[in-house]
Amino acid sequence: MLRRRRLASLALLPLLGCEPSSENRAGRQIDAEWHRRAALEGHVAPWFAHAPRPDGSFHVNFGRDWTAKTGQNIEVTHHARLVYAMTAGYELSQDRRYLEAAYRGADYLLNRFADKVQGGFFHVLSPAGKVVADFKRCYGHAFVLFALAELFRVSQEPRFKEAALLALQHIETGLADPLGGYRAHTARNFVPGGRDSRSQNPLMHMFEAQLALLEATGDPAARAAARRLGDFVVNQLLQGLPDGTAQIPEWYDAFWKPLTTKEAGAYTDIGHQFEWSHLLVRSTALDVSQVHAPIADRLLDYALKQGYDEIDGGAISQVYPDQPAWKSKGWWQQAECLRALIVHATTSGRKELWRRYDQTLGLIRDELVDPQQGGWLPGVCKRSGCEDVQPDPYHMLGMHLAAIKAAGR
């Protein structure tokens, strides 16, 4: 399969120079109906069939055969991602069953996960809806904000706009880091804990959520928050390199100084470079900052140079400052790689990216899509050796929606 995919990709090279425009190319290149079917039949439908519980919560941990794993608690990130998945399903199909599932999930989020005393959202609940972990986590709050923003954009129900703006207010007042960005964890009352390390990952998803809220509402608070966070990341965390590319390392010390050795925990996640690159294109389109567009290009170029497999397609996992790269290929990295290729190919006119789009899509269809069970395998793991888990559909749905939008469908 890999050899056939490589030869097919190479065969496209002579054609890439003759397309009249990137926009026209996208309409011809992208099989929007395949992306729509893959999103609905491969992700939304099976999750809808197995995940919703009568009280509005979701089962979130499944084996490959969709057997729910027993004794599972409900973590706010996974619950919010499934609210988003049901919302995306309704947007793609107009099937109100998905919208009703999203409503029930959002109501559970606002009635059970929301901390009515201190503000914000608890981290983990039991299957019965009792608080198991009451601390506040930036990563989870980012997905709550994202889910509520997307649900308002699609449904136009005012209560979800109000809930999203209130969540943003709690995030800004409770999680903001005086040194920049946001704290990863705090106690229930938003008092900082003793953690002495910081990560860019929750910042990236918070930025995505702020952009989603800005697009859905146009609210100036969302624009201001996205501008502050974007400025912090590109001015303080971004590292320019001599070849003109740039990276955003993963882990930092308590003062946002990047870690420097693999032994200490330092690495650059290639999937996150692709992710940041398409988010900064989106922030440019939303007029958050015009500085973001050239930085998006530099991040994309870094990810392609350091982490893209030019032979078989797709993105490797991690690059270390002092050790050889980790070349495994996880499921979510491939989704974000393909999404970035779609976004940049359709906005920058870089025709050579379409070859990589075809190549990476071939990798995904051959190695990750599971035609028997639905969903994706958790990585390029030769199928029989894959972990017994169904990855949640957040990354894949974002990629499919980006493809459908780029194709004008």
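Residues take their numbers from the sequence shown, with the count starting at 1.
In this structure, D243 pairs ionically with K305, as a charged nitrogen and a carboxylate oxygen lie closer than 4.0 Å. Note on R198 versus D177: salt bridge recorded, some NZ/NE/NH1/NH2 to OD/OE distance being below 4.0 Å. For the pair E215 and R282, the salt-bridge criterion is met [side-chain N within less than 4.0 Å of a carboxylate O]. A salt bridge does not link E367 to K329: none of the charged nitrogens lies less than 4.0 Å from a carboxylate oxygen. Using a cutoff of 4.0 Å between basic side-chain nitrogens and carboxylate oxygens, E41 and R37 are not scored as salt-bridged. Ion pairing between a basic and an acidic side chain is recognised when a charged N comes within 4.0 Å of a carboxylate O; D301 and R350 show such pairing. A salt bridge links E150 with R153; the closest basic N to acidic carboxylate O contact falls under 4.0 Å. A salt bridge links R36 with E33; the closest basic N to acidic carboxylate O contact falls under 4.0 Å. Salt bridge annotation for R355-E310: present, with a cationic side-chain nitrogen under 4.0 angstrom from a carboxylate oxygen.
At least one test fails for K257 against the ring of Y252: distance under 6.0 Å to the centre or angle within 45° of the axis. A cation-pi arrangement is present between K136 and F190 under the rule of less than 6.0 angstrom and at most 45 degrees off the ring axis. Remark: R112 fails to qualify as a cation-pi partner of F121 under the 6.0 Å distance and 45° angle criteria applied to the six-membered ring. Geometrically, R81 engages F143 in a cation-pi contact defined by less than 6.0 Å to the ring centre and at most 45° from the axis.
Under the 4.5 Å side-chain criterion, counting only non-hydrogen atoms from C-beta, T87 is not in contact with L99. Within the 4.5 Å cutoff, no side-chain heavy atoms of V124 are placed close to those of F135. Contact check for V380 versus L363: side-chain heavy atoms found under the 4.5 Å cut-off. At least one side-chain heavy atom of E172 sits less than 4.5 Å from a side-chain heavy atom of Y182. Inter-residue side-chain proximity for F152 and E162 is flagged as unmet; no heavy-atom pair is nearer than 4.5 Å. At a threshold of 4.5 Å between non-hydrogen side-chain atoms, the residues L125 and K130 do not count as touching.
Shortest non-hydrogen contact noted between R298 and T245 is NH2-O, 3.5 Å. Heavy-atom minimum distance, G314 versus T360: N-OG1, 3.2 Å. Between V76 and G140, the closest heavy-atom pair is CG1-CA, 3.8 Å. Residues A407 and A32 share a closest heavy-atom pair of CB-CB, 3.9 Å. Closest approach of H123 and F113 over heavy atoms only: O-CE2, 4.0 Å. Residues P321 and A266 approach most closely at CD-O, 3.7 Å, considering heavy atoms.
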Discussion item. S283 vs F207, test: side chain to side chain contact (heavy atoms under 4.5 Å, CB included). Steps then yes/no.
Written reply: CA-CA 9 Å; S283 71; F207 189 61; 3.6 Å; yes
Discussion item. Go through it in stages, so that I can follow the logic: the residues are H205 and Y139, the test is ring pair (Phe, Tyr, Trp, His ring centres under 6.0 Å), and I'd like the CA-CA distance, side-chain angles, deciding distance and then a yes or no.
Written reply: CA-CA 7 Å; H205 289 296; Y139 194 89; 5.2 Å; yes
Item to complete: Would you please test F62 and D392 for side chain to side chain contact (heavy atoms under 4.5 Å, CB included) and show each step?
Response: CA-CA 9 Å; F62 294 92; D392 83 68; over 6 Å; no
Practice prompt. Evaluate ring pair (Phe, Tyr, Trp, His ring centres under 6.0 Å) for F58 paired with W47, printing each intermediate quantity in order.
Written response: CA-CA 9 Å; F58 295 104; W47 279 95; 8.8 Å; no
Discussion item. Using the rule given for side chain to side chain contact (heavy atoms under 4.5 Å, CB included), can you reason through M399 versus E336, listing the C-alpha separation, both sets of side-chain angles and the distance that settles it, and then say yes or no?
Written reply: CA-CA 7 Å; M399 177 270 289; E336 294 301 337; over 6 Å; no
Item to complete: Decide side chain to side chain contact (heavy atoms under 4.5 Å, CB included) for D358 and Q29; before the verdict, give the C-alpha distance in whole Å, the side-chain angles of both, and the deciding distance to 0.1 Å.
Response: CA-CA 8 Å; D358 286 324; Q29 189 80 19; 2.3 Å; yes
Practice prompt. Give the intermediate values and the outcome of ring pair (Phe, Tyr, Trp, His ring centres under 6.0 Å) for residues H272 and W332.
Written response: CA-CA 10 Å; H272 288 157; W332 71 265; 4.8 Å; yes
Fill in: Residue pair K327, D309: steps toward the salt bridge (Lys or Arg N to Asp or Glu O under 4.0 Å) verdict
CA-CA 9 Å; K327 294 187 177 181; D309 182 349; over 6 Å; no
Worksheet entry | side chain to side chain donor-acceptor pair (under 3.5 Å) between Q318 and Y320, worked out | CA-CA 7 Å; Q318 296 172 3; Y320 303 104; 2.9 Å; yes
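Side chain of Q247 to main chain of P249: no donor-acceptor pair is present (N/O by atom type, distance under 3.5 Å, no hydrogens or angles). Here the side chain of R53 pairs a donor or acceptor atom with the backbone of P127 at under 3.5 angstrom. With hydrogens and angles ignored, the 3.5 Å screen pairs a side-chain donor or acceptor of S93 with a backbone N or O of G89. Judged purely by atom type and a 3.5 angstrom limit, R64 uses its side chain to pair as donor or acceptor with the backbone of V389. Using a distance-only test at 3.5 Å, with no hydrogens or angles considered, a donor-acceptor pair links the side chain of Q72 to the main chain of K69. When atom types are taken as modelled, the side chain of Q334 and the backbone of A315 share a donor-acceptor pair closer than 3.5 angstrom. Within the 3.5 Å criterion, the main-chain N or O of H78 finds a donor-acceptor partner in the side chain of E75. Using a distance-only test at 3.5 Å, with no hydrogens or angles considered, a donor-acceptor pair links the side chain of T346 to the main chain of V343. A donor-acceptor contact shorter than 3.5 Å links the side chain of H170 to the backbone of G120. The closest donor-acceptor contact from the side chain of H43 to the backbone of A39 lies at 3.5 Å or more, if one exists at all.
Once rounded to the nearest 0.5 Å, the distance linking CG of D388 with CG of L377 reads 11.0 Å. Annotation: the span from L304 atom CG to F274 atom CZ amounts to 4.5 Å, rounded to 0.5 Å. One finds the CG atom of L175 at 5.5 Å from the SG atom of C138 (value rounded to the nearest 0.5 Å). Atom CG of D322 is separated from atom OG1 of T260 by 7.5 Å, given to the nearest 0.5 angstrom. The line from NZ of K262 to CD of Q323 is 5.5 Å long, rounded to the nearest 0.5 Å.
In this structure, W66 places its CH2 atom where more than 12 heavy-atom neighbours from other residues, nucleotides or ligands lie under 6.0 Å away. The 12-atom threshold is exceeded at CD of Q156, counting heavy atoms of other residues, nucleotides or ligands nearer than 6.0 Å.
Partners of Y308 under the ring-ring contact (aromatic ring centres under 6.0 Å, His included) rule, at least two apart in sequence or in another chain, do not exist in this structure. Among residues two or more places apart in sequence or in another chain, the side chain to side chain donor-acceptor pair (under 3.5 Å) test is passed with R227 by D231.
Sorted by first and then second residue, the pairs that involve residues 365-409 and meet disulfide bond (SG atoms under 2.5 Å apart), not counting sequence neighbours, are C381-C386.
A distance below 6.0 Å separates the ring centres of W34 and H400.
Ring-plane geometry between Y108 and H79 is classed as tilted, the angle between the planes lying from 30 to 60 degrees on a 0 to 90 degree scale.
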